[in-house]
Amino acid sequence: MLNSGTTHNAGRLTLRSRPTPLDSIASAAATELLTGLNDAQREAVLAVDGPVLVVAGPGSGKTRVLTHRIAYLMEVLHVPGDRILAVTFTNKAAREMRTRIEKLRQGRPLDGVVMGTFHAFGARLLRENPGVVADRLGILPQFSIYDDGDQVETVKAALKSVGLDPKLYQPRRLRARISAAKSQLIPPDEARNLAATYDEEVIARVYAEYERLLRRANALDFDDLLTQPINLFEAAPFLLERYQERFLHILVDEYQDTNRVQYVLVSALAERHRNLFVVGDPDQSIYGWRQADIRNILDFEKDYPDARQIHLELNYRSTARIVEAADRVIRENVARIDRRLRTDNDDGEPIVLRELSDQSHEAQFIADEVRRMVELGDAIYDDAAVMYRTTAQSRAIEEALRFRGIPYQVIGGVRFYERKEIKDFLATLRLLHNPSDTVALERVVGNLPIGRGLGPRALETIRAWAAAERATMLDGFLTIAGAIHNDSVPVLAGASKSAAQRVGSVIAGLRELAEDTPLTGLFDAIVERTGYGASLDRTEEEDLDRWANLLELRSELERVGDAPARDTIAAYLERVALVADVDSLELDERGRVTLITLHSAKGLEFPVVFVAGVEEGLLPISRAVESEHLRPEELEEERRLFYVGMTRAERLLYLTYASSRATYGRFGYSVPSRFLQSIPDHLLRTLGRRGALRPGAAMGLRDKARSDSAYPTAASRGGTPVVTATTYIPGQKVFHPKFGEGTVTEITERRDDQEVAVDFVRHGAKRLLASLAAMDVIDHDGH
DNA sequence: GCGCGACTAGGCGGG
DNA sequence: CTAGTCGCGC
C-alpha cells in the first residue's frame, strides 16, 4: 500500500533528497519558487529524480505544483525547455500553465517546452516525422483528422462495404465499440479472435474495414493520434530512442483520466530517464466511458515500485462546509484510496439545497439568486457558474437568464466546429488539402449547391471507378472535368455528368487558388464558387445564424495570417480538429455567468456554483441505475462527477433539483439524488418550495417544517430510496391519517404544488393538495 | 434526384 | 425534443 509514513514526513525529505545545485548556488530563484508552498507541495516540486505520483485532491494546488516544478527544473536545474514534456487534459490547461510558468520566470517565454494534450502531442509526433510515417505507416503528411461525425460516416461506409445494412447496426454504437478497442490497443485481428458473440464478430469485421477505409482516405481518428505514434515507435525504434533520450522530464496532469494507449505512450517515453511525474485524483476520474482506466493511477506503484507518492489533501479553494460535504459524498465510494480532504478555511455559508417543481422553476430560482447576489454586491456575474449533467439542461437556464437580462456564456452544447455550415466549409478545406478524404468529398457533394444533381448512384459510380483505377474519388471528378488526364473516365450521363464537371472544375480552381491566396481569400472563393453563399437566404433567421457563424470563422482565418493557404491550412485544420469546448472558456472578467457541463468543469473553480438537476435519473444518470445493467462502477463514476461539481465551488454552493421534469417532450416525476443523502444536515440549508428563506434557516438549521416532505431527514436515511410527499406517482399506495389506505390515481401540477387524486379503500376518490395532505407512502406490505 | 411531411428511436459525457 | 430516415409526389 501507500508509503505514506515516509513520503508525508517533511523531516525525512531533507535526508532523502540528494544534494542539488540548490545547495551550492543558493539561488534566489529557487527560494522564490519554493516560498508559499506547503510541505507536500514543496516535496513534489523538489522530487526531481525518478517516478513520482502526486495524488492531489480538488483545490489542493496541483497546478501550482506543476508550474513551480517546471519553473524549478528550468531556472534552478537548468533543464533546457525542449527536454520537458508536459501533457494536460485540455489546450486551455496547457495555455494557462504556460502563462503561469512564464510569470514565475519573470515573463521569460517558455521556449521549447512541449506542452499540450495527448492528442496534440500525438499529432505532433506524426508531423515531425513525415518520412518515416509515410514509409512505415503509410500515412501521408496531409492526413485529415476525423471527428466523431466523420467516424460515424466511415463506419456506415464500412458496414455497406462488408455487405451489412447501416440501419440495422447502429453506426454510433459501433463507432464507440471500435474506439474502445483502439484505445485499448486491440487491433482488428485480435478483436476478431476475442469475439465471443455474433455481435462482437460483426464489430470486429466492421472495425477491420473501418481501418482500411481510414487508411485509404489518409485519415486518422482521435484514437489514431495516440495509437499511430505507438505504431511508429514499434516500426522505428530509433525514433523512440531519440524521444526517450530527449525527454528528461515528463509530467502528466489529470492522470486519473488517461486510458491504456496514453499509458503505454507515456511509459514508453519515460523508460530511459524514468522522471515521470504524474498528478491526478482517482476521486475525480470521470471519463471511464472514454476508456479512461482508473487503474493507471491506482496501480502506479505496481508499475513503478520505486515511485514516490505524495498526497496533497489540504484544500485551499472551498469553505470548510463545502469541503466536508464533498468529502462525505465521495467517501461512500468503494473503489478508492481511503483518504480525507481537509481545509483550514472558514466554515462559510451552508450549502443551499432547493427543491423546485420543474426545470423552469429551477432555472428561475438560479437566475433570481444570481441576480440577487449581484444586486447586493456580493458577487459579479463572472463569479457564478451553473453546472449540469446533460447539455440539454442548459436551455431552461439560458432562457431564465435571458429573460432577466443576465449575460452568460455556454460551454459545450453544439460545438462550434460541429455546426453544419462550419463542417461543410471545413470539409471543402480538408478536401483541398487531402484529396483522399472521402468523407469530406461526400460532404461537399452532398451538402453544397455545386453537388446538386449528384446522388448516391453517381457517387457509387465514381467510387467504383476510383477503386478500379486505384485513384481517389476526387480524381474521378477532376478527370470528368478535364482538369487532369486519365485513360479511363468515370461514366456519367446527362445532369450528373455536368454536375460532376462543375464539382471537378471548382475544386481544381480552388486548389490552384490555395497556392498563392491566404485562407481568407480562399474562404471567399469557396463561399462564392460552391454556391454556398448564394444559397443562404438572408431573411431566414436560421440562415442568418449560419452566415454569422461563417463570418466568425472567417475572422478566425484572418488571424492565421497572409501566407498562402497552402502553407497555413494544415496547422489550421489540425488546431480546429483538436480544440475542446472548454478551450473557448473565458474567465477574464467579461461580466458573464458560465453555463457548463460537470465534465467540462473539471479543473475549474468559481466563487459561486449551482449544480442543477441533482436528481435520480440525471445525477446519477438513468443509464447507470437501470436495473437491467446496474453497474456499480458507473454509479461510482456518477458520484465522482457530483463530487467534481461540488468541489468547483469556493464560497457558495447551491444544489437544486426539480420534482418533475420534461425530458424529450415527456413529462416525468423525479426523486432527489441518492447522493444528497451523504450530506449531513448541519451543512445544509434546505429551502422550501416557496422561495423565501424561512425563519430558522438563516441560522443554518434545516427547515424542519419541510423535513418530512421535501427531503429525507437524517433519521430516514438508511440507503433505501427516500420517498417524499412531493414525489407522488400514480399507482403508489398511500396512507392518510383520516381516510386510511388508498392508491394514487392521478397527479395534476398546480403552481408550486401538486393536486393528488387518491382512491381510498374506505372513503372513495378524493383530491388533495400534496403540501397539505400529510400522507405517507407505503409499500405493498403495508408499512 | 429533390424536397417535403410523417414517423421513430435515442435518451450522457468529449479530445 | 430532435436528428435521422422513410415514403411520397414531382
Side-chain angles (χ1 to χ4, degrees), chain A residues 87-94 116-123 145-149 151-153 156 165-168 170-173 175-176 179 183 220-226 254 257-259 261-262 285-292 359 387-396 411-415 417-418 420 445-447 449 451-460 492 494-496 499 574-584 596-602 613 617-626 634 637-638 640-641 644-645 661-668:
Chain A
V87 187
T88 57
F89 198 70
T90 62
N91 299 298
K92 178 173 170 287
T117 64
F118 269 108
H119 293 89
F121 176 60
I145 298 173
Y146 274 10
D147 71 7
D148 208 73
Q151 289 176 49
V152 171
E153 289 309 312
K156 283 184 191 164
D165 184 355
K167 279 148 226 156
L168 295 173
Q170 300 167 294
R172 295 208 60 85
R173 184 185 67 99
R175 187 217 69 88
S179 171
S183 53
L220 302 182
D221 63 20
F222 279 117
D223 300 307
D224 284 328
L225 293 177
L226 308 172
E254 307 284 7
D257 282 321
T258 53
N259 63 26
V261 196
Q262 292 165 336
S285 160
I286 54 175
Y287 283 91
W289 51 276
R290 221 165 66 187
Q291 314 312 312
Q359 70 259 54
M387 301 177 185
Y388 35 80
R389 178 65 174 83
T390 70
T391 49
Q393 286 169 259
S394 73
R395 261 186 62 183
I411 307 304
V414 183
R415 307 163 84 190
Y417 294 108
E418 282 178 8
K420 189 179 169 296
V445 171
N447 293 347
R452 288 276 158 80
L454 292 164
R457 290 189 59 156
L459 276 174
E460 199 41 56
L492 291 179
S496 34
E574 180 173 315
R575 213 190 71 219
V576 162
L578 298 179
V579 287
D581 288 334
V582 272
D583 293 338
S584 68
I596 192 166
T597 62
L598 288 163
H599 279 94
S600 295
K602 190 181 68 169
L618 220 42
L619 193 64
I621 200 127
S622 51
R623 237 196 68 172
V625 295
E626 274 161 18
E634 282 182 33
E637 184 156 314
E638 294 291 310
R640 292 194 291 267
L641 198 49
V644 166
R661 187 179 295 271
T663 29
Y664 302 100
R666 226 190 300 279
F667 198 75

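The chains referred to below are lettered A, B, ... by the order of the sequence lines, with proteins before strands, and numbering in each begins at 1.
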| Got a donor-acceptor contact below 3.5 angstrom from the A:R175 side chain to the A:Q151 backbone? | no

| Does A:G288 offer a backbone N or O that forms a donor-acceptor pair with the side chain of A:E637 under 3.5 Å? | yes

For the side chain of [X], counting heavy atoms from C-beta on, which of [options] is nearest?
X: A:R395; options: B:dG1, B:dG13, C:dC1; result: C:dC1
X: A:R389; options: B:dC2, C:dC1, B:dG13; result: B:dG13
X: A:T390; options: B:dG1, B:dG13, B:dG10; result: B:dG13

How many Å lie between [atom1] on [X] and [atom2] on [N], as a whole number?
X: A:R640; N: B:dG13; atom1: CZ; atom2: P; answer: 18 Å
X: A:I411; N: B:dG15; atom1: CD1; atom2: P; answer: 11 Å
X: A:I596; N: B:dG13; atom1: CD1; atom2: C1'; answer: 12 Å
X: A:Q291; N: B:dG14; atom1: CD; atom2: P; answer: 16 Å
X: A:E418; N: B:dG13; atom1: CD; atom2: C1'; answer: 13 Å
X: A:R173; N: B:dA9; atom1: CZ; atom2: C1'; answer: 15 Å
X: A:F89; N: B:dG15; atom1: CZ; atom2: P; answer: 7 Å
X: A:R172; N: B:dG13; atom1: CZ; atom2: P; answer: 11 Å

| query | B:dG14 base stacked by A:Y287? Criteria: ring centres under 5.5 Å, plane angle under 30°. | reply | no

| Under-4.0 Å salt bridge between A:K602 and A:D257 | yes

So does [X] get a side-chain nitrogen or oxygen closer than 4.0 Å to the phosphate oxygens (OP1/OP2) of [N]?
X: A:T391; N: B:dG13; value: yes
X: A:S600; N: B:dG14; value: yes
X: A:R661; N: C:dC1; value: no
X: A:T90; N: B:dG15; value: no

| message | Applying ring-ring contact (aromatic ring centres under 6.0 Å, His included), can you list everything that pairs with A:Y287, at least two apart in sequence or on another chain? | response | A:F89, A:W289, A:H599

| task | List in chain and number order the residues that pass ring-ring contact (aromatic ring centres under 6.0 Å, His included) with A:Y388, two or more places apart in sequence or in another chain; answer none if no residue qualifies. | result | none

| task | With DNA chain B as reference, determine whether A:S179 or A:L454 sits nearer its 5' end, using the nearest nucleotide of each. | result | A:L454

| query | Between A:G453 and A:G288, which is nearer to the 5' end of DNA chain B once each is assigned its nearest nucleotide? | reply | A:G453

Show each protein N/O and nucleotides 3-7 of chain C N/O combination with a separation under 3.5 Å, one pair to a line.
unit_1 : atom_1 : unit_2 : atom_2 : d
C:dC6  : OP2    : A:K167 : NZ     : 3.4

| message | Working note: A:T258 + A:F118, criterion side chain to side chain contact (heavy atoms under 4.5 Å, CB included); need CA distance, chi angles, decisive distance, verdict. | response | CA-CA 9 Å; A:T258 53; A:F118 269 108; 3.6 Å; yes

| said: Between A:Q393 and A:L618, does the side chain to side chain contact (heavy atoms under 4.5 Å, CB included) criterion hold? Intermediate values first, please. | reply: CA-CA 10 Å; A:Q393 286 169 259; A:L618 220 42; 3.7 Å; yes

| message | Could you walk me through whether A:L578 and A:F222 satisfy the side chain to side chain contact (heavy atoms under 4.5 Å, CB included) test, starting with their C-alpha distance in whole Å, then the side-chain angles of each, then the deciding distance to 0.1 Å, before giving a yes or no? | response | CA-CA 9 Å; A:L578 298 179; A:F222 279 117; 3.7 Å; yes

| query | What is the nucleic acid contact for A:R452, judged by heavy atoms within less than 4.0 Å: base, sugar-phosphate only, or nothing? | reply | sugar-phosphate

